[in-house]
Structure formats: structure tokens, C-alpha cells
Amino acid sequence: MFNIFLAVFFGTLAFAFVEPFFFIGYLISIAIFGLYQAIFMANAGGAWDNAKKIVETELKKKGTPLHDATVVGDTVGDPFRTLPPCPEPVIKFTTLFGLLAVELAVKLEGNSLKHILAVAFFLVSVSFVYRSFFE
């Protein structure tokens with residue numbers, strides 16, 4: 001979780017230092033995709049959770065391989081069903097730190113340091129994405 005937090009943090013800083021209008025597009029896209037991700041997670045989690053209930057109550061197949069499969073789905077479905085509000089703090093966090101970084105980047109306008117910082121923040125973000133998947 002810490003790697004993902006730092007990846008989002010440094011990615012936000014990188015996008016903010018590239019260009020203010022680029023960052024506005026980033027904020028709009030993260031809000032739209034966060035909404036659809038929350039809807040997907042709520043629906044998928046509910047379907048997985050309900051599949052186990054149907055197998056147990058309506059099909060009366062408790063203790064069968066089908067039931068074992070739905071138990072596995074239920075362990076994934078419960079967090080999916082209860083986690084959809086989680087994109088909201090990420091969106092708030094991204095907006096807050098990004099707007100502060102954009103203000104700093106606008107003050108550095110015309111300075112090559114702005115683009116160097118954008119590349120550096122992006123590389124740090126990519127390294128944390130790599131660490132979250134491969135280490």
C-alpha cells in the first residue's frame with residue numbers, strides 16, 4: 001500500500017509540473033475513472049457475494065467443488081463490495097497536493113528546473129509502481 005501511495009503522490013507531482021492544463025486533464029480523468037472503478041467494484045463484489053448465497057440456499061450444493069469456488073469468490077467479493085468509497089480519498093489527495101504543486105510550478109515558469117523536476121518525479125513514481133508489482 002505504501003508503494004502505491006508514493007506512486008500516486010509522485011505521479012501527481014510530475015503531472016502538475018509538466019503543464020497546468022495537462023494537470024487539469026489528469027484531474028478530470030482520475031475523477032471519471034475513479035467513479036467508474038467504484039461502480040465496477042460495487043457491482044462485481046455484490047455479484048460474487050450473492051453467488052455464494054445462491055449456491056448455499058437455492059442450489060443446496062454446500063461442500064461441493066462449486067461451493068468451494070464460490071467461497072473463493074466470496075473472499076474477493078466482500079472487499080470489492082465494501083471498498084468502492086476508496087477512490088474518493090485518492091482523488092481528494094491528488095487534487096490537494098496537485099494544486100499546491102501547480103502553484104509552485106507556475107512560479108517556476110520559464111525555468112528549466114520545472115521540467116527537470118517533472119521528469120524526476122515521474123521516474124520516482126515509475127520506480128514505486130515497479131516496486132509494487134515486482135518486489
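Position 1 is the first residue of the sequence, and the numbers go up from there.
Between I30 and I91, the shortest heavy-atom contact is O-CD1, 3.8 Å. What you find for S125 and A7 is that their closest heavy atoms are OG-O, 2.8 Å. Across every non-hydrogen atom of A16 and A105, the tightest pair is O-CB, 3.7 Å.
Within the 3.5 Å criterion, the main-chain N or O of K52 finds no donor-acceptor partner in the side chain of T70. Although no hydrogens or angles enter the test, the distance criterion places a donor-acceptor pair under 3.5 Å between the side chain of N50 and the main chain of G46.
Within a 6.0 Å radius of CZ in F122, no more than 12 heavy atoms belonging to other residues, nucleotides or ligands are found.
Ring centroid separation for the pair F97 and F93 comes in under the 6.0 Å cut-off. Centroid-to-centroid, the aromatic rings of F17 and F121 come within less than 6.0 Å.
Transitive grouping of hydrophobic side chains (ILVMFWY, heavy atoms separated by less than 4.5 Å) keeps F21 and V18 in distinct clusters. Under the 4.5 Å side-chain heavy-atom criterion for Ile, Leu, Val, Met, Phe, Trp and Tyr, W48 and V55 are members of distinct hydrophobic clusters. By the criterion of side-chain heavy atoms lying less than 4.5 angstrom apart, applied directly or through intervening Ile, Leu, Val, Met, Phe, Trp or Tyr residues, L13 is grouped together with F2 in one hydrophobic cluster. Under the 4.5 Å side-chain heavy-atom criterion for Ile, Leu, Val, Met, Phe, Trp and Tyr, V106 and F22 are members of the same hydrophobic cluster.
Note that the CZ atom of F10 and the OG atom of S127 stand 8.5 Å from one another [nearest 0.5 Å]. A distance of 14.5 Å separates OH of Y36 from CZ of F40, quoted to the nearest 0.5 Å. Taking CZ of F133 as the reference point, atom CZ of F128 lies at 14.5 Å (rounded to 0.5 Å). The NZ atom of K60 sits 8.5 Å away from atom CD of E58, with the distance rounded to the nearest 0.5 Å. Distance check: L104 CG to L117 CG gives 8.0 Å after rounding to the nearest 0.5 Å. Between the CD atom in E19 and the CD1 atom in I24 there is a gap of 9.0 Å [rounded to 0.5 Å].
Proximity of F23 to T12: side-chain heavy atoms (C-beta onward) are separated by under 4.5 Å at one or more points. The closest side-chain heavy-atom distance from L99 to T95 is below 4.5 Å.
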Open item on the list: Show, in sequence, the C-alpha distance, side-chain angles and deciding distance for V90 and T94, and conclude whether the side chain to side chain contact (heavy atoms under 4.5 Å, CB included) test is met.
Closed with: CA-CA 6 Å; V90 173; T94 301; 4.1 Å; yes
